[in-house]
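This report refers to the structure that appears directly beneath it.
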Amino acid sequence: MALAPLTTLGVGGPARWFVEASTEAAVSAALGWAREQRIPVLVLGGGSNLLVADRGVEALVLRVRVAGITAERRGDVMLVEAGAGERWDDLVARAVTEGWAGIECLAGIPGDVGATPIQNVGAYGQDVAGAIVHVRTIERASGKVVEMSAAECAFGYRDSVFKRAAKGLLVVTRVTFALRPGGAPGVRYAELAKQLGSNGSPSLSEVRATVLALRKSKSMLLDPGGENGQSAGSFFMNPTLDDAELARVAARVASSGVLRAGEAMPSHPANEGRTKLAAGWLIERAGFGKGAGTGRVGLSTKHALAIVNRGGATAAEIVAFARTVKEGVRDRFGVELHAEPVLVGFSLEETAGLITDG
Ligand code: EPU
């Protein structure tokens, strides 16, 4: 089964085995089969955050298509349960139409509901961790249902227990969100507030529309035919540094002569007293401007953080280009960037340094 067409980057070889499961029982049965055959399992959702190696994957690729959205009012909140296979953007659209606040800033993000808790999908001042109540999963080893509370999910910036202690152990089948009927939209991101301008009390749908326009201006909407259409969104996470690291990097930036007159390096406070830097800015100032790269792989012409398959690229070319960018940023500013998409089918050497070890 060819995997490239099932990913938004559009590269990579085939899956040795492939199955689609639209019920929890089918997920469980597929896991049972793989267990008996001693075959590894790769869970596939919308394929928007996945880079598959050219050699493909010697695994059972399990595409989770569990569908259905149910809503139940509990006091002030609407508990909304969505199947892992529902399209995330459809859920956001539904919530906005119904007047349920809490995920409106997450409009226009490609992929399926089931993938959102894994990396705690976030944008424009919201993340799914802010709305998730629990995540229903199937344990790979036993085929049994395991409910994970939000606390057990241990959400962080683009991070959760599913990428750490529970990595490879659970398959998400349903996610329950607590949304606020009639609630006000979240407008916390400076760029979003600026775009909304004098509209001090925007509606959910105005916020959603503004986010969609912002994402479109950065080519961060699904647009398979567009010039930046084949990408996995942000290719690197924004680095978060402690004070000592920040001081070191700020000094490197100041002495490298990349700051324009009166300009400061963009940064935001992050959790635990750390500071988040803008990887897109670091990439540009390390000499990789928007649209950089020759050949079939390069940076998006609208956003330096997205690596784009311009057509006919291989996974190896994408990894090589990502490494060039990473090394350029490290050499210039002493900052290590780590890939945000999940890389599968590669050897350890091929991805060394590109992925975090969590
Ligand atoms: N910047 C540049 N050049 C660029 C892009 C960004 O200099 O080409 C600088 C600017 O200073 C800008 C700052 O970076 O002010 C932040 O840029 P932006 O608002 O576009 O956000 P981002 O940090 O690059 C993150 C998420 C996106 C999310 C946006 C909006 C990560 C890795 N990425 O990007 O998520 O849509 O914020 O909230 O956290 C994704 O994860 O795939 C993704 C698209």
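In each ligand, atom 1 is the first atom listed, and ligand 1 is the first ligand listed.
The nearest non-hydrogen atom to atom 40 (C) of ligand 1, considering only Ala306, Gly122, Ser234, Gly280, comes from Ser234. Among Tyr124, Tyr189, Trp281, the residue whose heavy atom sits closest to atom 16 (C) of ligand 1 is Tyr189. One option in Ser217, Ala279, Gly125, Ala278 has a heavy atom closer to atom 13 (C) of ligand 1 than any other, and that option is Ala278. Within the set Asn238, Asn49, Leu277, the minimum heavy-atom distance to atom 25 (C) of ligand 1 is found for Asn238. Among Lys218, Glu191, Gln119, Arg158, the residue whose heavy atom lies nearest to atom 18 (P) of ligand 1 is Lys218.
A donor-acceptor contact closer than 3.5 angstrom links the side chains of Glu227 and Thr301. With no hydrogens or angles considered, a side-chain donor-acceptor pair links Glu24 and Thr173 at under 3.5 Å.
Atom numbering of ligand 1 starts at 1 in the shown order; those under 4.0 Å from a heavy atom of Glu284 are 2 (C), 3 (N), 4 (C), 7 (O), 8 (O). Atom numbering of ligand 1 starts at 1 in the shown order; those under 4.0 Å from a heavy atom of Arg215 are 36 (O), 44 (C). The ligand atoms of ligand 1 that sit less than 4.0 angstrom from a heavy atom of Gly233 are 42 (O). Heavy-atom proximity to Leu305, at under 4.0 Å, picks out these atoms of ligand 1: 24 (O). In the vicinity of Pro266, heavy-atom distances shorter than 4.0 Å reach the ligand 1 atoms 11 (O).
Counting all heavy atoms, side chain and backbone alike, Ala131 lies closest to Ile103 at CB-CG2, 4.1 Å.
With salt bridges taken as basic N to acidic carboxylate O contacts below 4.0 Å, none links Arg180 and Asp76. Using a 4.0 Å cut-off between a side-chain N of Lys or Arg and a carboxylate O of Asp or Glu, Glu327 and Arg332 do not qualify as a salt bridge. By the 4.0 Å N-to-carboxylate-O rule, Arg74 lies close enough to Glu72 to be salt-bridged with it.
By the 4.5 Å heavy-atom criterion applied to side chains, Arg94 and Trp100 are counted as neighbours. Two residues are said to be in side-chain contact when any heavy atoms from C-beta on lie closer than 4.5 Å; Tyr157 and Met237 meet this criterion.
At least one protein heavy atom sits closer than 4.0 Å to atom 32 (C) of ligand 1. For atom 10 (C) of ligand 1, no protein heavy-atom neighbour is found at a distance under 4.0 Å.
Arg215 contributes a side-chain N or O that, together with a main-chain N or O of Met220, makes up a donor-acceptor pair within less than 3.5 Å.
Remark: minimum distance from atom 24 (O) of ligand 1 to any protein heavy atom is reached at His303 CE1, 3.1 Å.
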